[in-house]
K.L.:
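This structure is in structure tokens; I'll ask about it shortly.
We count ligands from 1, going down the list as the structure has it; atoms in each ligand are counted the same way. FYI, the numbering just counts along the sequence from 1.
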Amino acid sequence: MSVTAAKSRIVCTIDFDRNGRQAGYARAPLSRNNSGWGTVEIPIVVVKNGSGPTVLLTGGVHGDEYEGPIAISRLARSLKPEEVQGRVIMMPAVNIPAIMADTRLSPIDGWDINRCFPGNPKGTFSQMLAHFLDSVILPMADISVDMHTAGHSFDSALSTNMHHVADPAIRERTIAAAAAFGAPYNVVFGGVDEDSTFTSCVERRGIVSLGTELGGWGRVNIEGVRIGRRGVDNILKHMGVIEGEPETGQRDGSPKTRHMMVRDPQSYVFSPRGGLFEPTHYVGEEVRAGAVAGYLHFIEDVDSEPLMLTYQKDGIVWFGAGPGRVARGDAVAIIMEDYADDWSGH
Ligand SMILES: [Zn+2]
């Protein structure tokens, strides 16, 4: 038996085939010193009516990213079965132990759950949870929207994102879904360490996969929540699950999402040393190759000149202005540029 075919240890009493609204928990076993039969309860709300596509909405895969959990839980409390044609599976707080601890990594095993897919039912807590998502939840979905922000690592320009999927038909469907979501930007990218991410699992199953980056710094971005809440409604409209046309107008007067890409490794600015990083641009600002991305200060050394870091590309800052203290090798900015149809994805 392969790992992904093995039975999940997580118990979910929701009947995903039943019409109506069900709100409950997936119970993940977690044996502790003072509770040998203890469980971690992961919230799930399912709204189903008749036949139609299944939309999967996940938030809180990383525990310090709050806009998605807020947007999805608002929808989960208000969506009525009679408004729905098809099924909506909402998991606003996937990594609930991390959310309660305000951390990206699991406080139980130290893993980034979004780096351990497709997981393992007999592995650590994060691996068990990843396996549950991949083997139990994902096979039901026609489209997955996994809502992230930049956490404590960065701020992010408000955006959806997607891989440059090899299959052109799925790529087109994903771009169409992103356009319907209606964030200011949609970013197509190759990614880092991507084989082990949730997105890669979704794609391996031939399901449309959309991510979001709706803020960062571990705070709640007001506009990020607004875009996220509108976006999940827009996806339901786009999929024909609820009635209506997606609303994609932008605050700057533009009628729709601007499609972007992270073209190559030169799009990243890395810190060559540890230090105190002073960024020069906000996310969403236009920058030029050679312009100053920021200054690395060495406050501990009297009279030490700061080190100047520069961009290698023209474009717009997608990720930037992270924490003040950075380590050698940390990314301090990521540049996006307008999407080109002829881009190969690498
Ligand atoms: Zn994240």
K.L.:
Short of 2.8 Å from the Zn ion (ligand 1), name each protein N/O/S atom, waters not counted.
P.N.:
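Listed by chain and number, the nearby protein N, O or S atoms are H62 ND1, E65 OE1, E65 OE2, H148 ND1.
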
K.L.:
On the 0 to 90° scale, with breaks at 30° and 60°, tag the W343-H164 ring pair as parallel, tilted or perpendicular.
P.N.:
perpendicular

K.L.:
Name each donor-acceptor pair under 3.5 Å that joins a side chain in residues 169-176 to protein atoms two or more places apart or in another chain, with its distance.
P.N.:
residue: R171; atom: NH1; partner: V165; partner atom: O; Å: 2.8
residue: T174; atom: OG1; partner: I170; partner atom: O; Å: 2.6

K.L.:
Parallel, tilted or perpendicular: which fits the ring planes of F198 and F117, with parallel below 30° and perpendicular above 60°?
P.N.:
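Tilted: the ring planes of F198 and F117 meet at 30° to 60°.
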
K.L.:
Report, one line per pair, each donor and acceptor closer than 3.5 Å where one atom sits in a side chain of residues 298-312; sequence neighbours left out.
P.N.:
residue: Y311; atom: OH; partner: H281; partner atom: ND1; Å: 2.9

K.L.:
Is there side-chain contact between Y25 and I42, with at least one heavy-atom pair below 4.5 Å?
P.N.:
no

K.L.:
Which residue pairs satisfy the salt bridge (charged side-chain N to carboxylate O under 4.0 Å, His left out) criterion with at least one member in residues 51-70, sequence neighbours excluded?
P.N.:
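For residues 51-70, and leaving out neighbouring residues, the salt bridge (charged side-chain N to carboxylate O under 4.0 Å, His left out) pairs sorted by first residue read E65-R104.
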
